[in-house]
> 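First, the structure itself, so that you have it in front of you.
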Amino acid sequence: MKFGTKLIHNGNEIDKQTGALSIPIYQTSTFHQEDIDKPVEYDYARSGNPTRKALENSIAALEAGDRGFAFSSGMAATSSVLSIFSSGDHIIICEDVYGGTHRISSKFFTRFNFEIDFVDAGNIDNIKDKIKSNTKAIYLETPSNPLMKITDLKGAISLAKENNLLVIVDNTFMSPYLQRPLELGADIVIHSATKFIGGHSDVVGGLVVVKDKELAQRIYFVQNGFGAILGPQDCWLLLRGLKTLKVRMDFQQKNAQKLAEWLSTRKEVAQVFYPGLPDHPGRDVHFAQADGAGAVLSFKAATTDIAKRFMKKVSMAAVAVSLGGVETIVSYPVKMSHAAIPIAERERLGITDNLIRVSVGLEEIEDLIADFEKSFEEI
Ligand SMILES: *Cc1c(COP(=O)(O)O)cnc(C)c1O
């Protein structure tokens with residue numbers, strides 16, 4: 001079955017109790033137990049809920065994993081995954097990882113004696129150099145945010161296998177439609193479902209999928225014990241969002257390609273970062289592990305003044321954090337997503353005052369380009 005069909009028919013689309021074509025929102029905290037001597041599938045809604053189960057089974061099917069888990073946010077998902085490790089464990093994380101992941105790993109998990117190293121994962125040797133006897137996992141994000149740097153997943157996975165490490169991939173930017181790390185041999189996939197999976201800027205949620213049953217037990221222990229679960233209403237919104245993932249992504253990606261090409265021709269723009277452009281570093285590696293360039297791009301304006309003017313004047317696109325919604329969203333990383341990073345470190349990473357990130361939406365591209373063109377004008 002092809003991916004687009006699987007979004008609609010993955011075995012979790014019809015309610016087994018009633019035949020409803022939309023999984024009902026099981027708004028309940030607990031479940032009646034007919035016979036206390038007989039085990040039941042659902043006993044308490046932190047441990048399991050049928051709406052959540054449908055979502056968890058759907059994402060597991062779409063990411064080609066054994067089991068899925070829904071959490072109250074992408075960060076709850078990431079934090080719960082990191083919680084399977086123990087004091088004294090060492091984890092290698094790509095340096096341009098999502099800001100919240102950087103913060104929770106370096107400022108929270110280190111309090112529990114986790115050892116964390118951040119590396120430029122664009123070169124696999126940088127990961128290799130950091131592996132030591134207590135290293136347990138490599139945590140990656142590709143393409144990265146906001147400069148769309150590419151990590152060679154197959155290279156990292158084979159290095160991890162040689163050293164008996166787990167590979168965790170934050171797959172938020174690509175979604176399971178464009179990239180499926182578990183099929184390449186990764187162990188755990190994480191999504192901020194707030195982004196492309198929800199797709200409508202109306203829900204915050206996180207998803208995790210694992211390949212291996214033993215690993216699934218470790219994650220379930222944290223999900224149930226720590227309890228950062230996603231409520232049934234929000235699970236329902238994600239189930240609904242998922243069904244249109246392919247059509248949204250196809251259209252948004254086409255828009256992103258056109259917008260990236262158009263931006264590349266503008267004198268107000270110094271550089272465009274998008275894996276769909278022929279000269280994007282790591283483009284070949286990206287297309288060997290993913291089926292498309294996605295719908296997020298960034299660009300450096302020729303000057304900081306132009307960038308600031310653009311941010312002030314842009315009107316159809318929303319100015320906001322977040323991405324992956326039906327509407328185009330522009331953000332200014334140095335003041336928004338990456339404001340917490342010290343200036344020197346930001347400059348080293350290339351996150352400069354003239355950088356703008358764009359999550360391209362479902363508008364007609366001509367209207368979007370007209371909005372951008374107007375926003376570049378001096379008056
Ligand atoms: C937004 C985001 C997160 C965090 O997800 P929340 O749902 O906001 O908690 C993690 N990783 C990436 C790549 C993101 O874009």
Side-chain angles (χ1 to χ4, degrees), residues 55 59 63 68-83 93-109 118 121 139-151 153 168-179 181 186 188-209 223 226 228-231 233-235 237-238 241-242 245 249 252 256 273 275 286 290 293-298 318 320-325 329-333 336-341 349 351 357-361:
L55 172 63
I59 193 66
E63 283 284 3
F69 302 90
F71 293 93
S72 52
S73 67
M75 283 320 303
T78 293
S79 303
S80 297
V81 166
L82 291 176
S83 299
I93 304 182
C94 62
E95 64 183 6
D96 42 3
V97 72
Y98 177 72
T101 305
H102 197 288
R103 183 169 52 204
I104 201 76
S105 53
S106 62
K107 296 208 165 81
F108 178 84
F109 282 99
F118 295 99
Y139 189 112
L140 301 171
E141 210 175 294
T142 178
S144 73
N145 177 20
L147 292 171
M148 311 302 286
K149 288 190 197 151
I150 307 300
T151 296
L153 285 177
I168 304 163
V169 181
D170 180 335
N171 202 28
T172 300
F173 269 41
M174 287 285 97
S175 88
Y177 171 41
L178 297 180
Q179 182 168 272
I188 303 177
V189 164
I190 299 176
H191 285 284
S192 168
T194 313
K195 315 293 167 57
F196 287 102
I197 289 178
H200 294 72
S201 304
D202 55 9
V203 58
V204 172
L207 294 170
V208 169
V209 184
Q223 186 195 36
F226 198 73
I229 50 147
L230 190 65
Q233 298 259 0
D234 290 344
C235 289
L237 281 168
L238 292 184
L242 255 183
L245 173 65
M249 201 46 127
Q252 288 174 244
F273 304 90
H286 178 76
V296 181
L297 60 88
S298 60
V321 293
S322 200
L323 54 102
I329 295 178
V330 297
S331 69
Y332 189 62
M336 296 170 142
S337 52
H338 294 69
I341 302 179
L349 293 172
I351 301 164
R357 188 186 75 193
V358 188
S359 169
V360 186

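Order of listing sets the numbers, starting from 1, for every ligand and every atom in it.
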> With a 3.5 Å distance limit and no angle check, can you tell me whether Ser192 reaches the backbone of Thr172 through a side-chain donor-acceptor pair?
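Absent.
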> Could you check ligand 1 for N or O atoms lying under 3.5 Å from protein N or O atoms and list the pairs with distances?
residue, atom, partner, partner atom, Å
ligand 1, 5 (O), Ser192, OG, 2.9
ligand 1, 7 (O), Gly74, N, 2.8
ligand 1, 7 (O), Ser192, OG, 2.8
ligand 1, 7 (O), Thr194, OG1, 2.6
ligand 1, 9 (O), Gly74, N, 3.0
ligand 1, 9 (O), Met75, N, 2.8
ligand 1, 11 (N), Asp170, OD2, 2.6
ligand 1, 15 (O), Lys195, NZ, 2.7

> Side chain of Asp96, backbone of Leu349: donor and acceptor closer than 3.5 Å?
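No: the side chain of Asp96 does not pair with the backbone of Leu349.
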> Can you tell me if Gln179 uses its side chain to pair, donor with acceptor, with the backbone of Thr142 under 3.5 Å?
yes
> Between Tyr139 and Ser105, do the side chains contain an N or O donor and an N or O acceptor separated by less than 3.5 Å?
no
> Might you point out which heavy atoms bring Pro143 and Met148 nearest each other, and give the distance in Å?
CB-CE, 3.8 Å
> Any chance you could measure Ser106, atom OG, to Phe118, atom CZ, to the nearest 0.5 Å?
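The OG atom of Ser106 sits 4.5 Å away from the CZ atom of Phe118.
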